[in-house]
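Structure first, then comments.
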Amino acid sequence: MIPELGHFSLVLALALALIQATVPLIGSFIQRVPWMRQARALAWGQLLFSLIAMGCLLQAFLTDDFSVVYVATNSNSLLPEIYKVSALWGAHEGSLLLWATLLAAWGAAVATFSRNLPLPVVARVLSVMGMVGIGFLLFMLLTSNPFERIFPMPREGRDLNPLLQDPGLALHPPMLYMGYVGFSVAFAFAIAALIGGKLDAAWARWSRPWTTVAWIFLTLGIVLGSWWAYYELGWGGWWFWDPVENASFMPWLAGTALVHSLAVTEKRGAFKSWTVLLALFAFSLSLLGTFLVRSGVLTSVHAFATDPARGTFILVFLCVVIGGSLALYAWRAPAVSGGGRFELLSRESVLLANNLLLSLFTALVLFGTLAPLIYEAMGWGKISVGFPWFNTMFVATMPFLAFLLGVGPLTRWKQDEGERLVKLLWPAFLGASIAAVFGGIFTPLESEHWFLIPLGLGLAVWILIAHMLAIWDRLKHKSGLGALFRDFAGGGRSFYGMVIAHLGVAVFIVGVTLVSHFGIERDVRMSPGDVQEESGYQFHFLGVENHRGPNYMAARGHFQVTRDGELVAELWPEKRSYFTSAKPMTEAAIDWGFLRDLYVSLGEPVGDGDWAVRLYYKPFVRWIWLGGLLMALGGLITLTDRRYRVLAKSAGKRTT
Amino acid sequence: MKTSLRFLLPLGLFIGLAALLFYGLKLDPRKVPSPLVGKPVPQFVLPTLEDPDRTVSDADLRGKVSLVNVWASWCVSCRAEHAQLMRLSRTLKEVQIFGLNWKDRAEDALRMLRLSGNPYVVNAYDPENQVGIDWGVYGAPETFLVDQRGIICYKQIGPIGPDTWEQELAPWIDLKTRTCREPN
């Protein structure tokens with residue numbers, strides 16, 4: 001009964017979405033205020049019914065209702081409760097439901113925090129979000145109903161994929177989807193602006209915080225995914241250029257470009273049509289990512305379980321949304337483009353270069369991801385796009401971006417002088433050179449990428465010092481730390497948010513550079529009692545014992561790591577066999593540290609009580625995710641900037 | 001005119017992309033010809049899965065008809081075809097089944113072989129997709145039919161079913177001369 005209630009809620013949500021997509025929009029053209037006013041209530045209604053559907057599915061999971069196909073295939077009576085919750089979005093149908101619910105949540109958020117926007121804008125924005133909602137709800141109801149029943153009812157569920165039984169991955173999809181779906185708000189604002197024919201600084205100011213919030217979520221989602229891949233897959237790698245990863249990375253790149261481009265449009269009124277295009281792209285790439293992951297066109301050319309009807313539906317949906325919005329763009333953008341003029345050397349130019357580099361890299365990733373398909377379609381011969389290709393492209397484009405990152409914050413809007421910049425930036429250049437030389441000393445000459453360590457360290461220091469100089473330049477006429485705090489507490493949040501996000505990039509570069517070139521991975525055979533020496537650490541293997549978990553059996557190894565006779569860590573890597581799956585899972589044991597990770601994963605017993613063991617030494621690997629977290633934190637700080645608080649306050653006044 | 005064309009460009013690019021994706025959706029992944037068919041196998045040297053100190057190379061494919069099976073323990077379809085590979089390894093004495101263990105962890109791969117049997121004469125271990133790239137592998141499972149000269153006769157994408165050898169693969173090889181042939 002309850003699953004049917006969930007199903008029915010989805011139908012109701014669809015009905016509301018249909019009204020939301022049409023009535024307020026038409027109202028905005030014929031200037032009927034009551035029609036436009038419906039938008040807010042409808043958005044809340046959609047959220048309500050999506051939440052009811054989510055609740056019904058959750059209830060089915062918690063009560064082990066295996067008569068629901070989705071529950072039977074993704075849960076098990078022995079599955080720990082917490083994973084029964086996360087199994088909600090552990091597979092296709094449920095993740096779509098999560099997507100639709102989050103979309104409704106963003107819609108409700110727009111409805112709530114848009115009191116100071118003109119009513120026609122709100123009506124159009126919510127209508128566009130309603131259209132997107134129709135697509136996803138229809139998709140779910142027509143091809144991927146999470147509430148489908150099965151008869152006869154299985155006595156036991158097939159269990160959640162063991163890979164997903166992990167706190168990192170339980171949180172990863174909601175974060176990522178919050179980001180994906182969040183770009184729908186920027187998209188809706190862009191479409192509304194195109195429809196209304198009014199692209200101005202006000203438009204940029206409205207969509208900017210929404211875009212930033214979506215970008216923060218996407219950043220956190222990607223960081224979580226990368227962290228999960230690192231410790232759960234047991235390879236010690238943190239990024240694989242897998243099509244699924246690229247699917248989340250492309251919207252992030254476009255979103256990053258959008259965040260910067262919006263800044264220009266808001267402050268200087270320039271780049272209008274470009275900003276709109278980026279807003280369309282960021283969401284289009286989110287949809288494309290969904291298509292690539294869900295349709296089976298790429299990731300699982302060979303996964304025969306994928307349903308061609310699903311792929312066709314998403315692709316048609318994709319064509320309607322992206323094709324329609326780009327057609328609208330081609331039609332309306334010429335009328336609204338133009339804007340503030342700027343000189344060749346100005347912050348606008350630097351940000352334009354930033355946008356071009358990010359877009360170029362997005363295009364390269366898109367090409368690399370689709371290359372196998374393009375090659376097959378054209379009959380061009382063998383596919384050689386893979387990990388090394390992406391890395392080469394990354395190294396070929398991103399250092400320029402990192403260089404610009406140091407220049408941008410110090411450059412003035414509209415027009416600047418090269419001489420002034422050189423005078424300001426020389427300490428950064430000096431520091432970067434010293435860091436590069438320092439990095440060069442430690443680089444083995446025979447190393448294939450000998451230039452990457454000096455380059456990476458140099459750029460990181462370049463960014464660091466340039467931003468210190470930017471703070472100094474800003475506070476030139478004041479002095480002391482007090483001024484810094486007062487500035488931060490006062491009007492400077494968006495500046496300091498930017499600084500922190502950019503420092504996150506520097507931290508990220510340090511992590512990537514050092515772990516890629518000084519990380520050590522060793523596969524060894526060890527008997528209980530053996531000691532292995534690695535980078536000054538002694539790994540003592542004490543033995544393996546059996547251990548029973550809630551829904552698995554495990555062989556649990558015991559390692560002690562010492563350095564100079566002192567105990568550093570006790571590690572307990574596991575080899576788990578889940579009761580419902582033939583596939584053994586490796587749970588690596590990691591002693592994490594700010595400057596290095598020690599990582600042990602248990603391989604196979606190789607006879608005589610010996611085990612194959614994998615030992616890793618990963619210097620600075622945490623900095624990769626720390627950098628991502630700093631970027632997200634920076635975004636969060638910009639949101640607390642005074643102009644948004646002032647807006648919120650004035651909005652509060654108006655409503656009371 | 002010029003400016004309006006500029007604004008049409010994104011739409012045009014997207015139409016191209018959409019056409020490509022529709023094509024991709026229509027594509028029967030089993031029917032995609034490999035550009036490597038009719039050419040010698042790419043050169044490679046890899047450690048064996050069974051013993052990291054031993055290596056195998058393309059030279060090990062000469063002199064015999066081989067099925068080079070790209071597989072991984074994480075790949076569900078590979079598990080599905082495993083029983084067929086076991087059957088072929090028992091019944092098809094003229095053909096050696098050569099494994100390319102791809103993007104996998106050795107311990108997982110070995111465990112799977114221990115649990116469900118080992119149809120392979122030997123496995124090349126390619127966790128980083130170094131050799132897979134040269135072979136144009138995009139997903140597992142894929143199976144290459146290679147003749148005694150080391151020429152690729154046919155590429156099977158997707159799992160091997162009960163009739164795959166007789167219907168899809170056997171027509172491409174002359175087992176007497178142990179060389180590729182065009183099916184009649």
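To find a chain, count down the sequence lines: A is the first, B the second, and so on, and within it residues start at 1.
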### Message
Does any backbone or side-chain atom of A:Ala327 lie under 4.5 Å from a heavy atom of chain B? Answer side chain, backbone, both or neither.
### Response
both

### Query
Would you find a donor on one side and an acceptor on the other, under 3.5 Å apart, between the side chain of B:Tyr125 and the backbone of B:Asp104?
yes

### Query
Tell me, side chain or backbone of B:Leu17 under 4.5 Å from chain A's heavy atoms, or both, or neither?
side chain

### Query
Between A:Lys575 and B:Asp108, is a salt bridge (charged side-chain N to carboxylate O under 4.0 Å, His left out) present by the stated rule, with each step listed?
CA-CA 10 Å; A:Lys575 191 96 197 158; B:Asp108 290 343; 3.7 Å; yes

#### Entry: Of B:Leu61, B:Thr55, B:Leu100, B:Asp60, the residue whose pairing with B:Phe44 passes side-chain contact (heavy atoms from CB on, under 4.5 Å)
B:Leu61

### Query
Does a side chain donor of either B:Glu81 or B:Asn69 reach within less than 3.5 Å of an acceptor in the other side chain?
yes

### Query
Which atoms of A:Leu318 come close to chain B, meaning under 4.5 Å heavy atom to heavy atom: side chain ones, backbone ones, both, or neither?
both

